[in-house]
Amino acid sequence: QVQLVESGGGLVQTGGSLRLSCAAAGSISSINLMGWYRQAPGKQRELVAHITSSGSTNYADSVKGRFTISRDNAKSTVTLQMNSLKPEDTAVYYCHVTVSYFIGDRNYWGQGTQVTVSS
């Protein structure tokens, strides 16, 4: 059992910044992949960014150059720094973690945190 605790969502104006954090706790042997997804009203959930245990990153084209993902393996946390925010970034953001166990991998999701960008 793994619990993901998210923080950092809120309301900002266009051009502002927010930093989302997610901390994993519970029965963890090894965390392979950590990242963030988002879902805007009327749209499918999409990958925003993820980072592997070795530090390799992947970003959605829409956020490249504006968002930065990082992780702290000692604390089992992942952070998403969001700069130059746009109204189209408005969505519920979900933390996602893949935990590697001896018997196999398992995926965990946070409850979601609202990010709203006003024009």
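Note that the structure is predicted; figures quoted are calculated from it, not measured. Both backbone and side-chain heavy atoms feed into the values below; hydrogens, waters and symmetry mates do not.
- R71 places a side-chain N or O within 3.5 Å of a backbone atom of T52 that can act as its donor or acceptor partner.
- In this structure, a donor-acceptor pair under 3.5 Å is absent between the side chains of N32 and T98.
- One hydrophobic cluster, built from ILVMFWY side chains closer than 4.5 Å, cannot hold both W109 and V48; they sit in different ones.
- With rounding to the nearest 0.5 Å, the separation of OG in S53 from CD1 in I31 is 10.0 Å.
- Between V78 and S21, the closest side-chain pair of non-hydrogen atoms is not below 4.5 Å.
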- Task: Step by step, work out the side-chain hydrogen bond (donor to acceptor under 3.5 Å, both in side chains) result for S100 and D105.
- Result: CA-CA 4 Å; S100 298; D105 295 348; 3.0 Å; yes
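- Using a distance-only test at 3.5 Å, with no hydrogens or angles considered, no donor-acceptor pair links the side chain of T116 to the main chain of L11.
- Under 4.0 Å is where a charged nitrogen must lie from a carboxylate oxygen, and between D61 and K64 at least one such pair does.
- Residues V5 and Y108 do not share a hydrophobic cluster, clusters being chains of Ile/Leu/Val/Met/Phe/Trp/Tyr side chains in contact below 4.5 Å.
- Taking the six-membered ring where the residue is Trp, H96 and Y37 present perpendicular rings, their angle passing 60° and hence far from 30°.
- Nearest heavy-atom pair across D89 and S84 is OD2-O, 4.5 Å.
- For the pair T113 and V92, the minimum side-chain heavy-atom distance is 4.5 Å or more.
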- Query: Could you walk me through whether V97 and C95 pass the side-chain contact (heavy atoms from CB on, under 4.5 Å) check?
  - Reply: CA-CA 7 Å; V97 172; C95 180; 4.1 Å; yes
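- Defined by atom type and a distance below 3.5 Å, a donor-acceptor pair is missing between the side-chain atoms of T79 and Q81.
- Linking ILVMFWY side-chain heavy atoms closer than 4.5 Å, directly or via other members, places L33 and V2 in two distinct hydrophobic clusters.
- Taking hydrophobic clusters as Ile, Leu, Val, Met, Phe, Trp and Tyr residues chained together by side-chain heavy-atom distances below 4.5 Å, M34 does not share a cluster with Y94.
- Annotation: Q13, atom CD; neighbour count of heavy atoms from other residues, nucleotides and ligands within 6.0 Å does not exceed 12.
- Hydrophobic cluster membership is shared by M82 and V12, with clusters built from Ile, Leu, Val, Met, Phe, Trp and Tyr side chains linked at under 4.5 angstrom.
- Rounding to the nearest 0.5 Å gives a distance of 7.5 Å between OH of Y59 and CG of L80.
- Of the possible donor and acceptor atoms, none in the side chain of Y101 sits under 3.5 Å from a partner among the backbone N and O of S30.
- Nearest heavy-atom pair across E6 and G112 is OE1-N, 2.6 Å.
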- Task: Go through the steps for V115 and T90 under the test side-chain contact (heavy atoms from CB on, under 4.5 Å), then give the verdict.
- Result: CA-CA 5 Å; V115 171; T90 296; 5.9 Å; no
Report all side-chain donor-acceptor pairs from residues 40-47 shorter than 3.5 Å, counting only partners two or more places apart or in another chain.
residue	atom	partner	partner atom	Å
E46	OE2	R38	NE	2.8
E46	OE2	R38	NH2	3.3

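- Residue E88 places its CD atom among more than 12 non-hydrogen atoms of other residues, nucleotides or ligands, all under 6.0 Å distant.
- With rounding to the nearest 0.5 Å, the separation of CD1 in I69 from OG1 in T57 is 8.0 Å.
- Side-chain contact check for F67 versus L85: some heavy-atom pair is nearer than 4.5 Å.
- Here the closest heavy-atom approach between residue L20 and residue G9 is recorded as CD2-N, 3.5 Å.
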